[in-house]
Each structure stands twice: as C-alpha cells, then as structure tokens.
Amino acid sequence: MNEIVFLGASALIVAVLALIAAAMGFRARVQLVTREDVQRALDAAEPGALLREVAIDQKGRAAIALLSDGRVALIKAMADGAAVRALKTDQVRVRVTAAKAGVRVRASMPDFGFPSVVLSLGAAPDWLSLAVGQDAAAPSGRAARGHLPLAGEDGAVLNVKN
Amino acid sequence: MPAPFDPKLIITYAVPGFVVLILIEMIWIKVRGGGRYQFQDSATSLSMGLGNQVAGLIGGGLVIASYYAVYQVRLFEIPWAWQSMLACFLLEDLAYYWFHRIAHERRWFWASHVVHHTSQHYNLTTALRQTWTGALTGGFIFWLPLVWIGFPPEMVLMFSAFSLVYQFWIHTETIDRMGPLEWVMNTPSHHRVHHATNPKYLDANYAGVLIIWDRLFGTFVREEERPAYGVISNLGTFNPFRVAFHEWAGIARDVAGAKSLREAFGFVFGPPGWSPDGSRKTSASLKAAWRAGLAAQESRPSVSA
C-alpha cells in the first residue's frame, strides 16, 4: 500500500515538474527551416553526408532528404538537437495524403526508437512525387504510398507500390 | 547486528531533495543560463524514473532474493563496523564501475542502460531517466561477489542506494570544475564526459562515486571540448515506452534476421553497434576513425607563407 501511495505521489510530482518546465518556457529551440539547418543536423549525425534534395516540414519539426550517396535521411528536431536516420531508399516507406493546405507526408522505417516522420508541405516536391506517384503532386484526398525510388542520377522510380 | 535502517528509505528520503534541486536548477538556468531544459525531454526523463520505480517493485525482489541466496554460502562473517563499511563502500563502487563499463560494452546490458543516455540534454532530470529492464538483464550479478565474501546484503544495498543518490547531483551543466575534488571524486565535469557522444569521450568515466577506478583502469578522460549529449543514433521520440524498449526491439529484429547462431550471439552479446560485416558504427570504430582523422591532420605538411 505504501508503495502505491509513493508511486502516486511520484506521478503527481512528475506532472507538476513537467508543467513548471513548460510554464518557464523550456521549449524546443531547434527548428529545421532552411536547407542549411538540415545539413547542420546531418553533419552532426552523418559526417560527410550531403543533401541532394530536401523537403522540410512547414512547422520546422522534421525533414526528409535524398543524399548524394543515394540514401534517404529522415530528420526530426528533438530537444535542442536533431535525430537523424540515413537508410537505403527501399527501407523507407512514404505515404502522402491531401491536407487542408497542401499535403501531409508520412515517412516510416523499421526502428522502434524512431517513429514515423510526418511533414506538412505546401506541395509534394517533384522528387517525392516521383516516389509515390502523381497523387502526391495533385492531392485529391486519396493517399499515395510507396517506397522511395532507388536514387540514380536520373532519379528514376524503381520501386513504386501504389 | 541488524542493518541500522532500511536501505530503500535512502531513495525515498532523497526524492524531496531531488525535486527541490531540479526546481533550483531550472530557476538557475532560466536566470543565469549555463544549461538546457526542454519540458518534453524532462517529462520523458521523469516518467522513466517513475517507471523504474514500478519495475523495481517487480524485479527488485529477484535482486534481493539473489543477494540473500548467495549470502547463505558466504565465505566470512563480516559485522556492521566502520572498517567493514569502508571496505564495502569501496568494493560496491568498484562493482559499480565494472557493471557500468560492461553495460556500455555489451549490447545485452546496453539495451537496458542506453535509456539513461537517450536525452540530448544534461540536467538533473536526466539523472532520473532510468531503465525499466535492469533486473531482467541480470546486472545485479556484479554485486553478488560482495555478499559471497560476506558483506551483509543490507550493507551492499545501502551503499548502492548511496551511490545512486550521489550520482544524481552530478548530472548538471551548471557546475564547472571542482578543484582537488576532481582528482578523487566523480564530478559533474567527469560525468558530462561520460554522457557525451564526441568520439574522444566515448566509453569513458564509468565511475559511480570515486573517479579513481577510471584512472586505475585507463578509462579516464578529462573534459576539454564541449560535450554533445545523447547516443550515436539519437532517438526520434519522447514516448517513454519507445525509450524503454527501443534497443530490445532492435536486438529482436537483428536476431530474427541473423543468418547463423554466431551472428545471433554477436547481435546480443557483442558491442553495441556490432554487425557481421562491420558496416555499423561501434564506439571502437568511431574512435578509430577519429584517431585516423587526427593522425591525417598531423601528418599533413604545413604550408609556409
């Protein structure tokens, strides 16, 4: 019984401390706004990796990028830094749906510690549209989904599954 | 002579102190700077601490039962006296050093301990970001030799609790160097190095209370450049359940894809980041790449004007 009381009080303290931290304005400072922001996040996690194409969330919380070595990078702003995963293109699943203002892109990969990256975009960029079909470029409310293309120099779509 | 008090109470009585110090640190950082907080990160850390207490109710019995079982076949009868307590303090800290070192060097133990390193911040709430699966990994075996020698289980548990409480306050960026204390004690500066992902800081400063073990066993690294906190592949989530189990999920996925028993064994008991083809990053490979980069810089001929 004592343990239950102790745990209950602890849970209350956790909630109060988190609320105090929020009230004191301790919020995330890092945002992904420009290509340079994304490259900086990439440099910290994957030294030497260079952006080829990038799509950045309108709220600056996430980005998805094609790298010059053919991999795809998923980037999330976390705390005061970023979390990055760079993978082969066929390991990433992308789903694009129409949203109120533009499109919503959800990119996921098999990593329990890195759940799906969700981006709000004005429009799906061409290279992403190529990956998931024309629905992404002209959102109609129907979801388009597929693997990212194996990134060759010509950006050929090799692995689309709609 | 029975234990002078219940070792569990040490943590219980320390909790109000933890809360007050966290509040002081938040105010200090808000007013003076010198550290970083983010409420989602702190909420996750504190939730992990709460979950650790719940897990302790379940797994703690296993640990205590193991201590008492081994104590039944003890080599010596060691009384509660200041000499034996001093010896127990030193040996408990040594046991912690080796537990902590192996927890970083073997993925089985790392899967549990990694939780504590997943924050990209370094503040007092990070100290409470604790594992939920510690008892399951069997990390307590590192302390069994102490009770086998004959130290009473309560005495070992008492110093383990003291060590845990001591390690709370060193998780801060608001305290710089501490003069001569740096020679002997584990300090915020030494422990910042331990939490850093800078290649030169990897796998260093495993100490609990005394830094002497790192100096003795060659794992001591002084704080020089600014530490970058977190893990090599930082988590993309604040969800406590994902934080608690992500590495176990990674092990399960790797073992499921292993092509042989040897590979499966390597994925479970090899160093974190081990892979059959060496394509993933380990601490050793990151440090080697960093050293090679330094050597290349040094061997590059200087250009005179």
Side-chain angles (χ1 to χ4, degrees), chain A residues 1-30 41 43-48 61-64 73-88 91 107-118, chain B residues 8 11-12 15-16 18-19 22-23 26-27 29-30 36-51 53-54 56-57 114 118-121 123-125 128 197 199 228-239 241-243 245-250 252-253 281 289 293:
Chain A
M1 190 60 191
N2 280 345
E3 273 90 358
I4 303 293
V5 172
F6 180 72
L7 290 174
S10 299
L12 190 65
I13 290 168
V14 167
V16 169
L17 285 176
L19 285 172
I20 290 173
M24 289 175 77
F26 290 120
R27 292 161 198 274
R29 277 182 281 181
V30 167
D43 288 342
E46 294 284 332
R61 300 300 303 154
I64 179 169
L74 306 182
I75 303 112
K76 285 187 184 186
M78 293 292 298
D80 279 350
V84 177
R85 294 290 185 278
L87 310 107
K88 292 176 185 170
Q91 292 177 304
S108 56
M109 45 164 284
D111 185 334
F112 193 65
F114 199 98
S116 302
V117 168
V118 180
Chain B
K8 272 199 303 187
I11 306 287
T12 306
V15 168
F18 291 170
V19 173
I22 288 169
L23 288 171
M26 280 185 192
I27 294 166
I29 289 172
K30 190 71 186 171
R36 287 173 297 166
Y37 263 94
Q38 195 223 349
F39 81 93
Q40 285 167 299
D41 177 84
S42 291
T44 302
S45 295
L46 295 166
S47 301
M48 297 310 296
L50 181 64
Q53 291 297 309
V54 176
L57 292 179
V114 63
T118 50
S119 174
Q120 293 189 54
H121 287 227
N123 55 47
L124 291 176
T125 63
L128 303 178
T197 57
Y229 305 108
V231 287
I232 297 302
S233 290
N234 282 312
L235 296 189
T237 179
F238 291 116
N239 181 326
F241 288 93
R242 288 185 183 271
V243 173
F245 299 111
H246 74 278
E247 190 66 21
W248 292 111
R253 196 175 59 242
K281 296 171 192 166

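Chain naming here is simple, since letters A, B, ... match the order of the sequence lines and numbering starts at 1 in each. Just so it is clear, the values below take in all heavy atoms, side chains as well, and ignore hydrogens, waters and symmetry mates. Only a predicted model underlies this, so the values are computations on that prediction, with no experimental measurement involved.
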Interchain contact, A:L17 with chain B, by part (heavy-atom threshold 4.5 Å): both

Quick check on B:F238 against chain A: is it the side chain, the backbone, both or neither that has a heavy atom closer than 4.5 Å? both

Tell me, please, which residues at least two apart from A:R61 pass salt bridge (Lys or Arg N to Asp or Glu O under 4.0 Å). none

Could you tell me which portion of B:T12 (side chain, backbone, both or neither) has an atom closer than 4.5 angstrom to a non-hydrogen atom of chain A? both

Using the test salt bridge (Lys or Arg N to Asp or Glu O under 4.0 Å), find all partners of B:K30 that sit at least two apart in sequence or belong to another chain. none

Below 4.5 Å from any heavy atom of chain A, which atoms of B:V231 appear? Answer side chain, backbone, both or neither. neither

Do you know the tightest heavy-atom contact between A:V14 and B:A43? CG1-O, 4.4 Å

Would you mind checking which part of B:L128 comes under 4.5 Å of any heavy atom in chain A, side chain (CB onward), backbone (N, CA, C, O), both or neither? neither

Given heavy-atom pairs under 4.5 angstrom as the criterion, report whether the side chain, backbone, both or neither of B:Q53 touches chain A. both

Closest-packed option against chain B by number of heavy-atom pairs under 4.5 Å, given A:A21, A:A23, A:G25: A:A21

Is the backbone N or O of A:P110 less than 3.5 Å from a side-chain atom of B:R253, with the two atoms forming a donor-acceptor pair by type? yes

Could you tell me if the side chain of A:V84 sits less than 4.5 Å from the side chain of B:N234, heavy atoms only? no

Relative to chain A, which of B:Y229, B:F241, B:F39 shows the most heavy atom pairs under 4.5 Å? B:F39

Of the backbone (N, CA, C, O) and the side chain (C-beta and beyond), which part of B:I22 lies under 4.5 Å from a heavy atom of chain A, both, or neither? side chain

Smallest heavy-atom separation, A:F112 atom then B:A249 atom, equals CB-CB, 3.6 Å

Could you look at A:A45 and say if it's the side chain, the backbone, both or neither that has a heavy atom under 4.5 Å from chain B? backbone

Any side-chain heavy atom of A:M78 sitting closer than 4.5 Å to one from B:D41? no

Toward chain B, the part of A:A82 with a non-hydrogen atom under 4.5 Å: backbone

Would you please test A:I13 and B:F18 for side-chain contact (heavy atoms from CB on, under 4.5 Å) and show each step? CA-CA 11 Å; A:I13 290 168; B:F18 291 170; over 6 Å; no

Could you tell me which of A:A83, A:A18, A:G113 has the largest number of non-hydrogen atom pairs under 4.5 Å with chain B? A:G113

Against chain A, work out which of B:I29, B:T237, B:L57 has the most heavy-atom pairs shorter than 4.5 Å and name it. B:T237

When only pairs under 4.5 Å are counted, which of A:A22, A:S10, A:A15 shares the most heavy-atom pairs with chain B? A:A22

Just give me the residue among B:G250, B:S42, B:S233 that pairs up with chain A most often, heavy atom to heavy atom, under 4.5 Å. B:S233

Could you state the interatomic distance from CG (A:L12) to CG (B:L50), rounded to the nearest 0.5 Å? 11.0 Å

